[in-house]
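The next block holds one structure in the form of structure tokens; read it before the comments.
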Protein chains: 2
Amino acid sequence: MTPTTEPLSTSADVFKALGDPIRWNIVQQMAEVAELPCSTLEETLPISKPTISYHTKILVQAGLISVRKQGRSLFYTLRRDVLQQLVDDIWMLAPEPRPVREGRVDHQAGAGRRRRAGAARAQASATADTADREAVLLTW
Amino acid sequence: MTPTTEPLSTSADVFKALGDPIRWNIVQQMAEVAELPCSTLEETLPISKPTISYHTKILVQAGLISVRKQGRSLFYTLRRDVLQQLVDDIWMLAPEPRPVREGRVDHQAGAGRRRRAGAARAQASATADTADREAVLLTW
DNA sequence: AAGCTAGTTTTATAAACACTGAACCATCAA
DNA sequence: TTGATGGTTCAGTGTTTATAAAACTAGCTT
């Protein structure tokens with residue numbers, strides 16, 4: 001059973017993973033290099049080894065980082081594609097509300113309209129509303 | 001004491017605010033309209049009124065939404081500029097690691113707090129940081 | 001005024017979270 | 001094999017979070 005049980009991390013999961021100062025720090029460190037040794041975290045973080053393991057596990061489960069094992073050492077890599085996917089998710093909320101369906105009124109502030117380049121996200125996420133997303137992208 | 005003590009919500013704070021399914025749902029709802037009545041949340045969310053108040057308070061404190069009071073009713077507005085600021089923060093991590101300042105360990109115990117180049121975004125001008133974003137896109 | 005209504009605050013509780021020491025599992029080095 | 005090392009898992013602890021019932025505040029409507 002549980003054949004390759006997809007973690008299927010939602011946006012909220014990823015946000016929660018990033019919503020801890022320690023983990024955000026880890027992610028930032030990883031952004032600076034291509035690969036980050038686990039041992040480095042022991043030196044840069046003010047927490048014990050088990051806690052490091054605890055946090056990195058959360059980041060892995062959220063899909064934010066991947067792990068490579070070499071001997072007894074671990075090396076983490078930031079999943080930049082997942083971050084970009086996340087940016088897309090947020091970005092969709094940032095522009096002005098869509099043309100309005102349902103006669104909701106109040107279209108006050110008219111500023112802040114902008115467009116976004118290609119944003120080639122691979123990763124067919126399980127959101128299933130990709131069509132919707134594209135439509136939104138086009139109407140910006 | 002505490003003269004207008006800016007909450008100064010960090011990225012981790014904003015992420016934490018978004019890292020709850022209920023709150024992410026609220027934010028998504030607000031993205032669809034210019035203003036969202038609090039009463040709507042009572043209908044669309046499967047939680048009690050006090051809990052709604054609890055969650056909206058968190059979103060306000062994180063700076064993600066603003067409130068307008070009209071009579072006894074409340075109306076929330078998504079702070080899209082804050083979201084765009086958040087996108088900037090993530091976006092910076094997404095591209096490949098910069099020029100490779102060598103994989104050497106320069107881990108000072110002070111936690112790598114290298115704020116990225118000239119990102120002193122005053123969160124008002126929406127046009128100003130557009131250039132920044134484009135720049136990133138181009139060097140990407 | 002009294003009564004109703006939209007939200008908040010208080011209080012309480014069960015669950016989740018962050019953290020650590022101790023024990024553990026691998027791998028490398030003698 | 002024995003020992004040391006890099007990380008994980010386990011068991012326990014204190015803290016934070018999400019939740020709602022009850023009580024409350026403020027604005028409408030008679």
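By convention in this document, chain letters (A, B, ...) are assigned in the order of the sequence lines, proteins followed by strands, and residues within each chain are numbered from 1. Computation of the quantities below employed the complete heavy-atom set of this structure, encompassing side-chain atoms and omitting hydrogens, waters and symmetry-equivalent molecules.
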Value in whole Å for how far the [atom2] atom of [N] lies from [atom1] of [X]:
X: A/Leu45; N: C/dC19; atom1: CG; atom2: C1'; answer: 13 Å
X: A/Lys16; N: C/dA18; atom1: NZ; atom2: C1'; answer: 13 Å
X: B/Ile58; N: C/dT8; atom1: CD1; atom2: C1'; answer: 14 Å
X: B/Ile22; N: C/dA15; atom1: CD1; atom2: P; answer: 18 Å
X: A/Gln61; N: C/dA18; atom1: CD; atom2: C1'; answer: 15 Å
X: A/Ile47; N: C/dG21; atom1: CD1; atom2: P; answer: 12 Å
X: A/Arg72; N: C/dA29; atom1: CZ; atom2: P; answer: 7 Å
X: A/Gln70; N: C/dA26; atom1: CD; atom2: C1'; answer: 15 Å

Counterpart base for C/dG3, defined by Watson-Crick or G-U wobble contacts under 3.5 Å: none
Strand partner of D/dC10, provided both Watson-Crick or wobble distances fall under 3.5 Å: C/dG21
Provide the closest heavy-atom pair for [X] versus [Y] in the form atom of the first, atom of the second, distance.
X: A/Leu64; Y: A/Ala17; answer: CD1-CB, 4.0 Å
X: B/Tyr76; Y: B/Cys38; answer: CE1-CB, 3.6 Å
X: B/Met30; Y: B/Arg80; answer: O-NH2, 3.5 Å
X: B/Pro46; Y: B/Ile22; answer: CD-CD1, 4.4 Å
X: A/Asp89; Y: B/Trp24; answer: O-CH2, 4.4 Å

Side chain to side chain contact (heavy atoms under 4.5 Å, CB included) assessment of A/Leu86 paired with A/Leu18: CA-CA 11 Å; A/Leu86 188 68; A/Leu18 293 174; 3.8 Å; yes
C/dG7 phosphate, OP1 or OP2, under 4.0 Å from B/Lys57 side-chain N/O: no
N or O in side chain of A/Lys49 less than 4.0 angstrom from C/dG21 OP1/OP2: no
Trace of the side chain to side chain contact (heavy atoms under 4.5 Å, CB included) decision for A/Leu74 with A/Arg68: CA-CA 6 Å; A/Leu74 294 186; A/Arg68 182 174 68 88; over 6 Å; no
5′-ward residue of the pair A/Gly71/A/Asp20 relative to DNA chain C: A/Asp20
Bounds of contact between DNA chain D and chain B, in 5' to 3' order, using a heavy-atom cut-off under 4.0 Å: D/dT17 to D/dC28
Anti or syn - C/dC28, cut at 90° from 0: anti
Would you mind classifying the nucleic acid contact of [X] as base, sugar-phosphate or nothing, using non-hydrogen atoms under 4.0 angstrom?
X: A/Lys69; result: nothing
X: B/Ser73; result: sugar-phosphate
X: B/Ile52; result: nothing

